[in-house]
Student: 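Before anything else, here's the structure in question.
Note that this is a predicted model, so its numbers are computed, not measured.
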Amino acid sequence: MPKDDCGPIFFRSQRKGILLLPKAIMTFATIALASMLSTCSGSGGGSGGGGASAASEVTGTIASQTGNTSDFEGWIMLLVNTATGESRSSVITSSGAYSFSQVDMSASYTLVLLNIDYRVASVLSWVATDQTNKAYQYFNLKTNTIPRITHKGPSMELSDLDAVTVITTSSAKDSDGDGIVNGMETSTSLAAVSNEGSGFELADEDADSIDNESDTDIDGDGLLNWFDSDDDDNGTVDVFDLDANADLITDSNQTNSDHYFGSEVEYIAVQYFMDSSENRSIRIVAKLAAGFSPTAVTVKGPDDLFDGANILVASDGNEEESSIWDNSLSDDGASFDDSASDQLYGRKVRLGTGKYPKSDQVILISINMGSYTREFPFTFPNITSASISFAYSSNVVTKSGSPFGSDLTSYLWSVSVYNSSGNLVHASASIEGSTSTYTIPSTDIPSGTTYSGKVFAKSYERVSGYPVYVVESSLKTLN
């Protein structure tokens, strides 16, 4: 994997504390830092990808604990590569059947079940009889048939473990030993169980001997990072956590978060916008490598979210609604995708009235290869956006409101100022959410001229330049 420029390096003194290294331990730091830099690369939880090799059609069935299959009609089964996050999806039939095309038979997999709203409903797990309070989840295929799945609420079990090769070198936390991994338990006390590190050390949150920068389930809770809104189990949702993958490097300065998928699909970024009128929009982009040319790039997701979505186009500095979205992404330079033919496929759409992403709702970016699609997941966390506003007096902007919840200040905000013609004349740097005021330089707004302004609140960036959540205030005259 290509290496990226490593950002600021941190060492962890306690599980939830990230500190700059004191001078008193610089000798120790030099040794540890050298070890860290030798492995610093973009090969983490979202790495990999790759096409199918020794590809095959794989089928399976799912039934309830009572043997019913029809209840799952319209649900979505995901076959997920545990090393790369690349997935295959299948809509389940009334008979409980599903199938996946062009599956790499040499890879390690697990299964994730989405309900009709594309929300994570169950993950594959079963009691690890040779380990206390652990569950197994991963397997290699022996044949083209996955043993029948029995649905047990938040967990699914294989009916015949001998029909696959169970991977016992990886296990998830199951604190009460019921076969349901901690990440799918409703009890927060179970979900919060984590590795208790001490001293200054390279981070391995779940103590599985895999450093966080390379671990696809960082906290070991049984939810792969691509479906886990708090990868490192520190109590802060990833999009508001500067080091969400807990590899001791600021996320925006590296390319190994769960938004990156390797050499062919470099990254996927999703943004959710809410303006002062509570219009909600989503922008989706997929950056593909040079020379990688699929027949189409589209988005799979819940009808409840995307029905009635209209394509947005930029016109005279504004965004205007165009035609109904057909779920496609484009590389034409006119689809919020930067330049034409630059391998960045994108689209920005206005959601229908009252529609917004739900907690644990998954969308799949589908790379159409002709006879099959390569799919890459993005999961929305449990975030409810609210309005933001500001007051203005004597060049000072005072922010008000709680755009992401009353207790959350780990976000950024900024100020934009426009002249009477609507041209941008000043844009502030990002300001920490815990700070409420910003002073506009008087040279940018000389007296005697009419100006207006907005403030924007945003989450942290997992992919540089693409904060996942953005809330916009109304435009106000500055006087």
Side-chain angles (χ1 to χ4, degrees), residues 8 18 20 234-244 250-252 271-283 312 314 316-319 348 350-351 356-357 380-462 464-479:
I18 298 178
L20 291 174
N234 69 348
T236 301
V237 175
D238 291 341
V239 296
F240 297 107
D241 190 343
L242 283 170
D243 184 24
T250 305
D251 291 342
S252 60
Q271 295 183 275
Y272 173 73
F273 300 86
M274 189 179 81
D275 66 17
S276 59
S277 299
E278 296 194 3
N279 295 312
R280 296 172 172 89
S281 306
I282 289 181
R283 181 189 182 192
L312 288 172
D316 297 326
N318 297 310
E319 295 178 358
K348 188 173 183 180
R350 175 73 45 78
L351 298 179
Y356 55 89
F380 287 98
N382 185 17
I383 297 295
T384 300
S385 298
S387 61
I388 187 172
S389 188
F390 70 97
Y392 176 80
S393 177
S394 302
N395 290 37
V396 177
V397 173
T398 303
K399 167 182 66 77
S400 61
S402 301
F404 306 113
S406 59
D407 296 329
L408 182 64
T409 59
S410 56
Y411 64 89
L412 301 173
W413 65 285
S414 61
V415 179
S416 294
V417 180
Y418 309 87
N419 64 18
S420 57
S421 299
N423 304 118
L424 181 68
V425 297
H426 176 79
S428 74
S430 293
I431 308 159
E432 293 289 342
S434 56
T435 300
S436 298
T437 61
Y438 172 75
T439 301
I440 303 172
S442 57
T443 53
D444 285 357
I445 49 171
S447 59
T449 306
T450 300
Y451 293 93
S452 57
K454 288 182 180 182
V455 299
F456 299 84
K458 66 175 186 175
S459 62
Y460 297 137
E461 299 171 1
R462 307 298 304 284
S464 181
Y466 297 97
V468 177
Y469 287 85
V470 179
V471 174
E472 174 185 341
S473 78
S474 59
L475 183 69
K476 290 185 178 183
T477 300
L478 305 182
N479 52 28

Student: Locate the shortest heavy-atom distance separating Y418 from G453; write the atom from each residue and the value.
Tutor: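 Looking at all heavy atoms of both residues, the shortest contact is CD1-CA, 4.4 Å.
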Student: Which heavy atom in R350 sits nearest to a heavy atom in R280, and how many Å separate them?
Tutor: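 Closest heavy-atom pair between R350 and R280: CD-O, 3.5 Å.
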Student: Would you check, one step at a time, whether the test side-chain contact (heavy atoms from CB on, under 4.5 Å) holds for S459 with Y411?
Tutor: CA-CA 5 Å; S459 62; Y411 64 89; 5.8 Å; no
Student: Between P357 and I282, is there a side-chain heavy-atom distance shorter than 4.5 Å?
Tutor: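 In contact.
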Student: Would you name the heavy atoms of E461 and D251 that are closest together and state the gap between them?
Tutor: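 What the structure gives for the nearest pair is O-CB, 4.3 Å.
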Student: With side-chain contact (heavy atoms from CB on, under 4.5 Å) as the test, would you mind laying out the steps for V425 and D444 before giving the verdict?
Tutor: CA-CA 7 Å; V425 297; D444 285 357; 5.6 Å; no
Student: Look up atom OG1 in T435 and atom CG in L412, then write down how far apart they are to the nearest 0.5 Å.
Tutor: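 Between T435 OG1 and L412 CG, I get 10.5 Å after rounding to 0.5 Å.
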Student: For the residue pair I383 and F240, establish whether any side-chain heavy-atom pair is separated by less than 4.5 Å.
Tutor: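 Result yes, sub-4.5 Å side-chain heavy-atom pair found.
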Student: Tell me if the aromatic rings of F380 and Y272 count as close, with their centers under 6.0 Å from one another.
Tutor: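 When the ring centroids of F380 and Y272 are compared, they turn out to be at least 6.0 Å apart.
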Student: Locate the shortest heavy-atom distance separating S406 from S402; write the atom from each residue and the value.
Tutor: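 Closest approach of S406 to S402: CA-OG, 3.7 Å.
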Student: Go through the steps to decide whether V415 and F390 satisfy the test side-chain contact (heavy atoms from CB on, under 4.5 Å), and finish with yes or no.
Tutor: CA-CA 10 Å; V415 179; F390 70 97; over 6 Å; no
Student: So how far is it from S387 OG to D275 CG, rounded to the nearest 0.5 Å?
Tutor: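 Here the rounded value is 11.5 Å.
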Student: Are S473 and K399 close enough, and set up right, to give a side-chain hydrogen bond (donor to acceptor under 3.5 Å, both in side chains), and what steps lead you there?
Tutor: CA-CA 10 Å; S473 78; K399 167 182 66 77; over 6 Å; no
Student: What class does the angle between the rings of Y438 and H426 fall in, given that below 30° is parallel, 30 to 60° is tilted and above 60° is perpendicular?
Tutor: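 Y438 vs H426 ring planes: parallel.
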Student: Please round to the nearest 0.5 Å and tell me the distance separating atom CG of L478 and atom CD1 of I445.
Tutor: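 Rounded to the nearest 0.5 Å, the CG-CD1 separation comes to 6.5 Å.
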Student: Compare every heavy atom of S416 with every heavy atom of F456, then report the nearest pair and how far apart it is.
Tutor: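 Reported closest heavy-atom pair: CE1-OG, 3.6 Å.
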Student: Would you call F404 and V471 a side-chain contact if the rule is heavy atoms closer than 4.5 Å?
Tutor: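 They are in contact (side-chain heavy atoms under 4.5 Å apart), so the answer is yes.
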Student: To the nearest 0.5 Å, what is the distance between CD (E472) and CZ (F273)?
Tutor: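 Nearest 0.5 Å value for the CD-CZ distance: 9.5 Å.
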Student: For S276 and K454, test the side chains for any donor-to-acceptor distance below 3.5 angstrom and give the result as yes or no.
Tutor: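 The criterion, which ignores hydrogens and geometry beyond distance, is not satisfied for K454 and S276.
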Student: Distance from L351 atom CG to M274 atom CE, nearest 0.5 Å?
Tutor: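 Atom-to-atom, L351:CG and M274:CE are 12.5 Å apart.
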Student: Closer than 3.5 angstrom, by distance alone: can the side chain of W413 be matched with the main-chain N or O of E432 as a donor-acceptor pair?
Tutor: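 Yes; at least one donor-acceptor contact below 3.5 Å.
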Student: In the structure I gave you, are the side-chain heavy atoms of T477 and T450 within less than 4.5 Å of one another anywhere?
Tutor: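 When only atoms from C-beta onward are counted, T450 and T477 do touch, with a gap below 4.5 Å.
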Student: Out of curiosity, S414 OG to K458 NZ, how far, rounded to the nearest 0.5 Å?
Tutor: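 S414 OG to K458 NZ: 6.5 Å, rounded to 0.5 Å.
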Student: Determine, step by step, whether V455 and I388 satisfy the side-chain contact (heavy atoms from CB on, under 4.5 Å) criterion, reporting the C-alpha distance in whole Å, the side-chain angles of both residues, the deciding distance to 0.1 Å, and the verdict.
Tutor: CA-CA 8 Å; V455 299; I388 187 172; 4.1 Å; yes
Student: Could you check whether atom CG of N423 has more than 12 heavy atoms from other residues, nucleotides or ligands sitting under 6.0 Å from it?
Tutor: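 Yes, enclosed.
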Student: Any idea which heavy atoms bring P381 and Y469 closest together, and the distance?
Tutor: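 Residues P381 and Y469, closest heavy atoms: CD-OH, 3.3 Å.
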